[in-house]
Amino acid sequence: MLSARKIIVILIGSLLIACGIDFFLVPFKVLDGGLIGIALIINYLFKIKVGTLIIITSIPILTLTWFQSRKLFYSSMYGMVVSSFLIDLLDPFQYYFLYYVELTPFTSSVLGGFLLGAGIGIMLRYEVSTGGTDLLAQIMSMRSFMNVGIIIFVSDAIIISLGGILLSMETFILSILTVTAGGIATSICTMK
């Protein structure tokens, strides 16, 4: 059973992630890395809901986690389900946000990345994640001395490179800004 503190952390982290994706990244077709980035690529190409795609693409890593750490598995399930639900729930409000807030692609990429990184970092600090590559990074970090934020940064770079090839050079460049801001925010939030 989750403590009240972990429930609050999951809600705050998931809300930051959902706002970063729906209000800052999706309007400019910007990517984050990891499974969120993969879900965004598929969303941009085929218009399938991002939250639903995150759940589907998380299944292999969650299966691995089941065998590595049941505690992480259960904490990640809650984080993944809540964040995916909020991403799909807030998606229709994107229009209203963009109507009242005017952002450049540059500003949107940096702010979106920072919100995502902060949401993920806050959750990781309390041993909760959204599944995906941040969960894989957390397992790797427990087995080494590497910072979770650095591991996430490397995996994100691979995903945005793929997205840049499939989508556009502008997407690639803006996504670099997003991943950098997210990596910095995650590293700050998970500093030991």
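In this structure, the side chain of Asp32 does not engage the main chain of Gly37 through any donor-acceptor pair within 3.5 Å. Here the side chain of Ser108 pairs no donor or acceptor atom with the backbone of Leu103 at under 3.5 angstrom. The backbone N or O of Thr52 sits less than 3.5 Å from a side-chain atom of Asp88, completing a donor-acceptor pair. Of the possible polar contacts, none joining the Ser83 side chain to the Ser14 backbone as a donor-acceptor pair under 3.5 Å is found. Within the 3.5 Å criterion, the main-chain N or O of Gly113 finds no donor-acceptor partner in the side chain of Thr178.
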side-chain contact (heavy atoms from CB on, under 4.5 Å) between Ile159 and Ile38: does it pass, once the steps are laid out? CA-CA 7 Å; Ile159 299 299; Ile38 292 170; 3.7 Å; yes

Does the side-chain contact (heavy atoms from CB on, under 4.5 Å) test come out yes or no for Ile54 and Leu35, once each step is laid out? CA-CA 6 Å; Ile54 290 171; Leu35 293 186; 5.5 Å; no

Decide side-chain contact (heavy atoms from CB on, under 4.5 Å) for Ile21 and Leu40; before the verdict, give the C-alpha distance in whole Å, the side-chain angles of both, and the deciding distance to 0.1 Å. CA-CA 9 Å; Ile21 289 172; Leu40 287 169; 4.0 Å; yes

Go through the steps to decide whether Leu167 and Lys29 satisfy the test side-chain contact (heavy atoms from CB on, under 4.5 Å), and finish with yes or no. CA-CA 9 Å; Leu167 300 170; Lys29 291 196 188 284; 5.7 Å; no

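Following chains of ILVMFWY side-chain contacts shorter than 4.5 Å, one cannot reach Ile173 starting from Ile184, and the two form parts of different hydrophobic clusters. In terms of hydrophobic clustering, with Ile, Leu, Val, Met, Phe, Trp and Tyr side chains grouped at heavy-atom distances under 4.5 Å, Ile120 and Phe85 are assigned to a common cluster. Residues Leu116 and Phe106 share a single hydrophobic cluster, defined by chaining ILVMFWY side chains whose heavy atoms lie under 4.5 Å apart. Following chains of ILVMFWY side-chain contacts shorter than 4.5 Å, one can reach Ile122 starting from Ile7, so the two form part of one hydrophobic cluster. In this structure, Tyr126 is not a member of the same hydrophobic cluster as Met191, with clusters built from ILVMFWY side-chain heavy atoms closer than 4.5 Å.
In this structure, CD1 on Ile10 lies 11.0 Å from CG on Leu86, to the nearest 0.5 angstrom. The OG1 atom of Thr171 sits 7.5 Å away from the OH atom of Tyr44 when rounded to the nearest 0.5 Å. Rounding to the nearest 0.5 Å gives a distance of 9.0 Å between OG1 of Thr57 and CE of Met80. Rounded to the nearest 0.5 Å, atoms CD1 (Ile160) and CD1 (Ile41) are 9.5 Å apart. One distance of note links CZ of Phe73 with OH of Tyr78; it measures 10.0 Å at 0.5 Å rounding. The distance from the OG atom of Ser76 to the CG atom of Leu62 is 6.5 Å, given to the nearest 0.5 Å.
Of all the heavy atoms in Gly33 and Val179, the pair that sits closest is N-CG2, 4.0 Å. Across all their heavy atoms, Gly163 and Leu31 have their closest contact at CA-CD1, 3.4 Å. Taking both residues in full, the closest heavy atoms of Gly117 and Ala185 are given as C-CB, 3.7 Å, listed atom of the first, atom of the second, then distance. Closest of all the heavy-atom pairs between Thr130 and Ile17 is CG2-CD1, 3.5 Å. In terms of heavy-atom proximity, Leu90 sits nearest to Leu15 at CD1-CD1, 4.0 Å.
Between Phe97 and Phe24, the gap from one ring centroid to the other is short of 6.0 Å.
In this structure, Val50 and Asp91 have side chains that are not in contact, with every pair of non-hydrogen atoms separated by 4.5 Å or more.
A 6.0 Å sphere centred on CZ of Arg5 holds no more than 12 heavy atoms belonging to other residues, nucleotides or ligands. A 6.0 Å sphere centred on CZ of Phe28 holds more than 12 heavy atoms belonging to other residues, nucleotides or ligands.
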